[in-house]
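One structure is given here, and the rest of the page talks about it.
A, B, ... follow the sequence lines: proteins, then strands. Residue 1 opens every chain.
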2 protein chains.
Amino acid sequence: MNDLRIVNHQVTLVDQVEDRLLSYFKENNLGPGDPIPREMELAEALGVGRSVLREALSRLRMLGLIETRTRRGMLLAEPSLLRGMKRIVEPNMLSDKTLFNILGFRVALEIGMSEMIFQNLNKKHIEDLEDIVKRGVVKRYSEYTPVNEYEFHTKLYEITGNSTIMEFQAIIRPVSVFLKEKFQDYFLPINKELSKNGKLVSHKDLLDFLKKGDKEGFRKGMIDHFGPYYSFLKQENHFNIN
Amino acid sequence: MNDLRIVNHQVTLVDQVEDRLLSYFKENNLGPGDPIPREMELAEALGVGRSVLREALSRLRMLGLIETRTRRGMLLAEPSLLRGMKRIVEPNMLSDKTLFNILGFRVALEIGMSEMIFQNLNKKHIEDLEDIVKRGVVKRYSEYTPVNEYEFHTKLYEITGNSTIMEFQAIIRPVSVFLKEKFQDYFLPINKELSKNGKLVSHKDLLDFLKKGDKEGFRKGMIDHFGPYYSFLKQENHFNIN
DNA sequence: TAATATGATTTGTCTTACAAATATAAAATA
DNA sequence: TATTTTATATTTGTAAGACAAATCATATTA
């Protein structure tokens, strides 16, 4: 027997209390701003010690679901959708499979945003993008800076006006960077080749589509821009179920 | 002063310990499978009581980052990307703005998946979708069942072969259902009108595009299929930053 | 009335204690 | 000797008590 055996995930009292608290909030239709009973009251009602209750509360506090102020008691608050995710997106902690999934997720999301981008696009956005592109002009592919790459794509997310999407991309960004670095033997040659043949869809190309209002062109450009990612994921066999 | 005043988010010892634990794992390059010191050792090293340490550990346990077995000590494990999110996606707990953001997120993701779907599509997928569509045939729009709606879209997610995307959609699904219900005064008339004019892009239409291998048609069909969502979000002014 | 001081309450933290589980060592048996 | 059984020690899970810090509510004073 080694450590890879299936861990019989023991359900502790804390786990149960956490669930029961969530059920309690839901069943009583409690939402942000509503006060909840104090610790001792909850502990007694649930028949557990204060320490167990506090561990469960601590979990929910981490997610922003509960806010506490000494002596004033506890309130429900609007939780942060992605705060839990934020803590654990750490390439070292995640399997390659998960990292590939995240990369695929990102690519799909970013391409799917095209519609929203064209709905919201205004002159200021264009100007900002032009500035970013100008600052990112390089002679050789190898001179590309990740920072400029980041700025451009972040701006695209920003144009959607969807703060959840923006937060999401900020969290998962390290994954793309990590994978590109870890598998540079795959990406570098491909990108150099594309660059040499003039087939690399640059940020400038994408911006031109935006300026022309060419939605179709933009979308296809984005797909080509992400071409190396697509082929990478396909090759890694992490697109296919079978 | 009311309760809406800005809460001066007090940083507790538990918060700090949580951060320090994460930093410790990262700095020591610890990953899934690696053992970590026992509670008392950690507590002493961090200069805090066992209860504080346990609250912090409990948070990380919730995310799947730490697994514990009595007497055997603690191990790091691959965390679940979305477990934190799963607990708090509860329409009652989230503001409309967040719900709108989630809906927009979903729509973008699902449309962006088209590329992957065509990369992976096989006969079995088509057969499954045909079965779902067949079972979903209705005479009037009002007879549509949410279950069938769910099955179809879930199948699309499944075809991507990306388990993270699938998990994500399963978590955020209640949001679409909730919004469609809450704002039925908006959605029902629109859908009935589209249905009457034969302009509603049905699941059958989408499936036909897939069968024909018509990527462009499929994508446009998806956009139209989500048309009411787009117009809803636009109207709610939750696409625009300004 | 308004400002200040006092007391009470609630969360944050530490400590001690014990139960449950199990790895390790010791003892008993074949 | 090898194997099984028993006993011991260790580690996490849970409970309870104690006190500090913060602050709400009340009483006191200017």
Return the 5'-most residue of the pair A:Leu53, A:Arg71 with respect to DNA chain D, ranking by each residue's nearest nucleotide. A:Leu53
If you check the [X] side chain, which of [options] turns out closest?
X       : options                : value
B:Met74 : C:dT13, C:dT9, D:dT12  : D:dT12
A:Arg61 : C:dG12, D:dG13, D:dA15 : C:dG12
B:Arg72 : D:dT12, C:dA23, C:dT13 : C:dA23
A:Arg54 : C:dA23, C:dT11, C:dT10 : C:dT11

Could you list all N or O pairs between the protein and nucleotides 16-19 of chain C that sit under 3.5 Å apart?
residue: C:dA17; atom: N6; partner: B:Arg50; partner atom: NH1; Å: 3.4

Could you list the residues that satisfy side chain to side chain contact (heavy atoms under 4.5 Å, CB included) with A:Gln184, not counting sequence neighbours? A:Glu181, A:Leu188
Do the side chains of A:Lys123 and A:Glu127 get close enough for a salt bridge, i.e. N-O under 4.0 angstrom? no
Just the rounded figure in Å: distance from [atom2] of [N] to [atom1] of [X].
X       : N      : atom1 : atom2 : value
B:Ile66 : D:dT11 : CD1   : P     : 17 Å
A:Glu55 : C:dG12 : CD    : C1'   : 14 Å
A:Arg59 : D:dG13 : CZ    : P     : 10 Å
A:Leu57 : C:dT13 : CG    : C1'   : 15 Å
A:Asp15 : D:dT12 : CG    : P     : 16 Å
A:Leu46 : D:dA15 : CG    : P     : 11 Å
A:Glu44 : D:dG17 : CD    : P     : 11 Å
B:Gln10 : D:dA22 : CD    : P     : 8 Å

Criterion side chain to side chain contact (heavy atoms under 4.5 Å, CB included) on A:Tyr150 and A:Gln169, from CA distance to verdict: CA-CA 10 Å; A:Tyr150 177 54; A:Gln169 87 93 13; 3.7 Å; yes
So A:Ser51, base contact, sugar-phosphate only, or nothing? Heavy-atom distance under 4.0 Å. base
Given A:Ser58, which of B:Arg59, B:Arg54, B:Met62 fulfils the side-chain contact (heavy atoms from CB on, under 4.5 Å) condition? B:Arg59
Report the C-alpha separation of A:Asp128 and A:His125 in whole Å, then their side-chain angles, then the decisive distance to 0.1 Å, and conclude whether the side chain to side chain donor-acceptor pair (under 3.5 Å) test is met. CA-CA 5 Å; A:Asp128 291 346; A:His125 296 142; over 6 Å; no
Taking atom types as modelled and ignoring hydrogens, do the side chains of B:Ser231 and B:Tyr186 form a donor-acceptor contact shorter than 3.5 angstrom? yes
N/O donor-acceptor pair under 3.5 Å between B:Asp34 side chain and B:Gly31 backbone: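 Side chain of B:Asp34 to backbone of B:Gly31: a pair is present.
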Please examine the side chains of A:Leu65 and A:Phe25, heavy atoms only from C-beta on, and report whether any two atoms are closer than 4.5 Å.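 Touching, per the 4.5 Å side-chain cut-off.
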Do B:Thr12 and B:Asp15 pass the side chain to side chain donor-acceptor pair (under 3.5 Å) test, and can you show the C-alpha distance, the side-chain angles, and the key distance before you say yes or no? CA-CA 5 Å; B:Thr12 65; B:Asp15 295 325; 3.1 Å; yes
Of all of residues 34-42 of chain B, which get a heavy atom below 4.0 angstrom from DNA chain C, listed by number? none
